[in-house]
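Please read these numbers as outputs of a predicted model, since none were measured by experiment.
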Number of protein chains: 2
Amino acid sequence: MPKLTFFNLPEMKRNKLIRAAEAEFSRVPLSQASISNIVKAAEIPRGSFYQYFENKEDAYYFLLEEQWNKRQDKFIASLNKYNGDIFEAFKELFQLMLEEKKTEDGYNFLKNALLNVTHEIEDVFTRIFDEKQIDTNRLKEITPLINKECLNISGEDEFYHIIQIITSVTFRNLVEKYSRNMSKEEALENFIIEMNLLKKGLYK
Amino acid sequence: MPKLTFFNLPEMKRNKLIRAAEAEFSRVPLSQASISNIVKAAEIPRGSFYQYFENKEDAYYFLLEEQWNKRQDKFIASLNKYNGDIFEAFKELFQLMLEEKKTEDGYNFLKNALLNVTHEIEDVFTRIFDEKQIDTNRLKEITPLINKECLNISGEDEFYHIIQIITSVTFRNLVEKYSRNMSKEEALENFIIEMNLLKKGLYK
DNA sequence: TTGACACATGACATTGTGTCATTTAAAATA
DNA sequence: TATTTTAAATGACACAATGTCATGTGTCAA
C-alpha cells in the first residue's frame, strides 16, 4: 500500500502523480516501467516518489486494485440481476472487460496486465473468490447469492472448484483476446462456446 | 534463437554457460535475472554473451523450450499409451510435472516460469496445441491419436475448445501447486476433482 | 607472408534504482 | 509572537545493470 504521505497529498498533486503512473504502466508492462519516467511526467523529485510508495510495485498494485474493485462490484450486481446464475454473471463480467476502447487510457493498462500476468497479478484478479485469502475474498457476499440448484455438484467442496474452473477459462479467453487482437464479437463467441462446453460436460 | 557462434562453441564452454544461465533463471524470474551474474558464473567476458545471444530473453526462451520439448514428447507417448484418452494423457503430464524434486535444478526454474507467466511464456507451454501457430504446433501428430468417441462434441471446432479448456485448467492447477507450496498429493487430488467436473459438466 | 574473417574482450556511455543528509514548511507549544 | 518539534520535500550520490564498440587475437586460404 502507498504510504500515508501519499494519501495526505493535495488532490491535484496526487492526481497528477496517478495519471503519470497510469501512463507509464500503460506504455509498458510492470517489469519494464521506470520510476524515472513517472517522476518526470508528474514533475516531482525522485525522492518524493519514495516518500509516497515503497517502490514501483507498490504504485502498480495500488492502481490495479483500484481499477479491479470497480468491476468486482459490478460482478456482484450481475449475480443479483440474474438470480444467482453464475454463468450469466461471468458472461456479463467478460463483456464488461471487452468494452474497454482501444483509445481509452485503461485499455493498454489492462492489456499490459493481462499479457504479463505474474502470480501476484493473477491474485489481484481472482482473490475475490479465494478461500485462502480470508481478508480480501468476498465469498461471504457471493456464496449466498448463487443459485446452486442448477449446478451439478455433490458437496460444498465442489462448488469452490467450479468457480476455479470458470475463472481460469474466463481469464484465458481474456488474455487471448488481447494477445490475438481479437474483435469484441470474436472473443465473445469463443467465450460462449467454451462456457457451453463447461455446462454440458466434455465427456460422454 | 541463440546465434550461430553459440552452437559453434566447444561443448565444455557451452555447457558451462548453459549451467550458469539455468542457475540464474532458477534464482529469480526472467525479469529480475541479470546477465552480469550469468557471465560471472560462466567466467566469460560480458561482450561474449552478446556474441552468443541477442539478450537475456533469447537465452531464457532457448532453455525453456529445450526443457519443455522433452515433456511434449512424453505427452504424446501418454496419448498412445491410453488409446487417445486425452484426460488420462493430461493427468500423466500433470503428474510428470509434479515429480520435479525441490532439490533438483529444474524445480526452481520451472517454479519461476510458472509464477511469472507472461503471455510469451504461456505460449511456449501451449503452442503444441495452437491452431494459429502452424510451424510449432503438433496438432497433425496429436489429432489423429485422440479418441473422439468419448468426447461430447458436435463439430471439429469444438474439439479445439475442449483442448483449450483442459489446458487452462491444468495450467492453473500447476501454478497453484507452486504458489501455494502444495504437496504432490494435494495438488493431484485437486486436479482430479476438477477434471471429473469437466467431464461430467458443471450444469444440471 | 599476408590478408580476410570470425570471434573475443572489457571499457564505456547510458539508464535505472534506492538512500540519505540537508532544506523547507507546517504545526505545536511556550 | 517566538520557539521548538515534527513531517515532508529535495536532489546528489553510490551502486548496479544494459548493450555497444573499438580493438585485439587466432586461424586458414591464397
Side-chain angles (χ1 to χ4, degrees), chain A residues 1-64 109 112 116 118 120-121, chain B residues 1-64 109 112 116 118 120-121:
Chain A
M1 277 290 278
K3 301 180 184 175
L4 209 69
T5 43
F6 173 73
F7 296 106
N8 291 337
L9 237 35
E11 203 173 325
M12 276 222 14
K13 196 172 176 183
R14 191 174 67 238
N15 283 338
K16 192 170 181 184
L17 176 51
I18 288 179
R19 280 199 309 278
E22 268 171 351
E24 178 64 2
F25 294 129
S26 302
R27 188 182 67 83
V28 285
L30 174 56
S31 67
Q32 287 162 54
S34 112
I35 294 174
S36 299
N37 281 337
I38 296 176
V39 300
K40 209 179 298 163
E43 296 181 285
I44 59 169
R46 181 175 190 77
S48 292
F49 182 92
Y50 289 94
Q51 205 75 253
Y52 310 139
F53 302 105
E54 290 298 334
N55 49 35
K56 203 168 60 166
E57 282 73 23
D58 191 24
Y60 183 76
Y61 288 107
F62 171 70
L63 295 177
L64 184 65
F109 185 90
N112 283 329
N116 299 272
T118 63
E120 269 89 14
I121 292 181
Chain B
M1 276 293 277
K3 302 180 184 175
L4 209 69
T5 42
F6 173 73
F7 297 106
N8 291 337
L9 239 34
E11 202 173 324
M12 274 221 17
K13 196 171 176 183
R14 191 173 67 240
N15 282 339
K16 191 168 181 186
L17 177 50
I18 287 179
R19 280 200 309 277
E22 269 172 349
E24 179 64 1
F25 293 128
S26 303
R27 188 182 67 83
V28 284
L30 174 56
S31 68
Q32 287 162 54
S34 114
I35 294 174
S36 299
N37 281 337
I38 296 176
V39 300
K40 210 179 297 163
E43 295 180 285
I44 60 170
R46 179 173 194 77
S48 292
F49 182 91
Y50 289 94
Q51 207 74 250
Y52 309 138
F53 302 105
E54 291 297 334
N55 48 36
K56 201 169 60 166
E57 282 73 23
D58 192 23
Y60 183 76
Y61 288 109
F62 170 70
L63 294 177
L64 184 64
F109 186 90
N112 283 328
N116 299 271
T118 64
E120 270 89 13
I121 293 182

Rounding to a whole Å, what distance do you find between [X]:[atom1] and [N]:[atom2]?
X      : N       : atom1 : atom2 : value
Q32(A) : dG19(D) : CD    : P     : 11 Å
R14(A) : dA9(D)  : CZ    : P     : 13 Å
K3(B)  : dG19(D) : NZ    : P     : 11 Å
L9(A)  : dA7(D)  : CG    : P     : 17 Å
K16(A) : dA9(D)  : NZ    : P     : 15 Å
N37(B) : dA17(D) : CG    : P     : 6 Å
L30(B) : dA17(D) : CG    : C1'   : 15 Å
Q51(A) : dA8(D)  : CD    : P     : 7 Å

Margin query: Pair N112(A), L30(A) - check side chain to side chain contact (heavy atoms under 4.5 Å, CB included), show working.
Written below: CA-CA 8 Å; N112(A) 283 329; L30(A) 174 56; over 6 Å; no

Check: Between F6(A) and F53(A), how do the two ring planes meet: parallel, tilted or perpendicular, split at 30° and 60°?
Finding: tilted

For [X], report the nucleic acid contact type (base, sugar-phosphate, nothing); a contact means any heavy atom under 4.0 Å.
X      : answer
S34(B) : sugar-phosphate
T5(B)  : sugar-phosphate
L4(A)  : nothing
K13(A) : sugar-phosphate
F6(B)  : nothing
Y52(B) : sugar-phosphate

Check: What pair of heavy atoms forms the shortest contact from Y50(A) to K3(A), and how long is it?
Finding: O-NZ, 2.9 Å

Margin query: Quick check against the 3.5 Å criterion: does S31(B) have a side-chain atom that pairs as donor or acceptor with the backbone of S31(A)?
Written below: no

Next item on the list: Say whether, by atom type as modelled, one donor and one acceptor occur between the side chain of N116(B) and the main chain of T118(A) under 3.5 angstrom.
Entry: no

Note to self: For chain B and DNA chain C, what are the first and last nucleotides along the strand, 5' to 3', with at least one atom under 4.0 angstrom from a heavy atom of the protein chain?
What the structure shows: dC7(C) to dG10(C)

Checklist line | Contact nearer the 5' end of DNA chain C, comparing E54(A) with P45(B) | finding: P45(B)

Item checked: Short N-O contact, E24(B) and R27(B), less than 4.0 angstrom -> yes

Next item on the list: Just do the ring pair (Phe, Tyr, Trp, His ring centres under 6.0 Å) check on F25(B) and Y61(B) with the steps written out, would you?
Entry: CA-CA 11 Å; F25(B) 293 128; Y61(B) 288 109; 9.2 Å; no

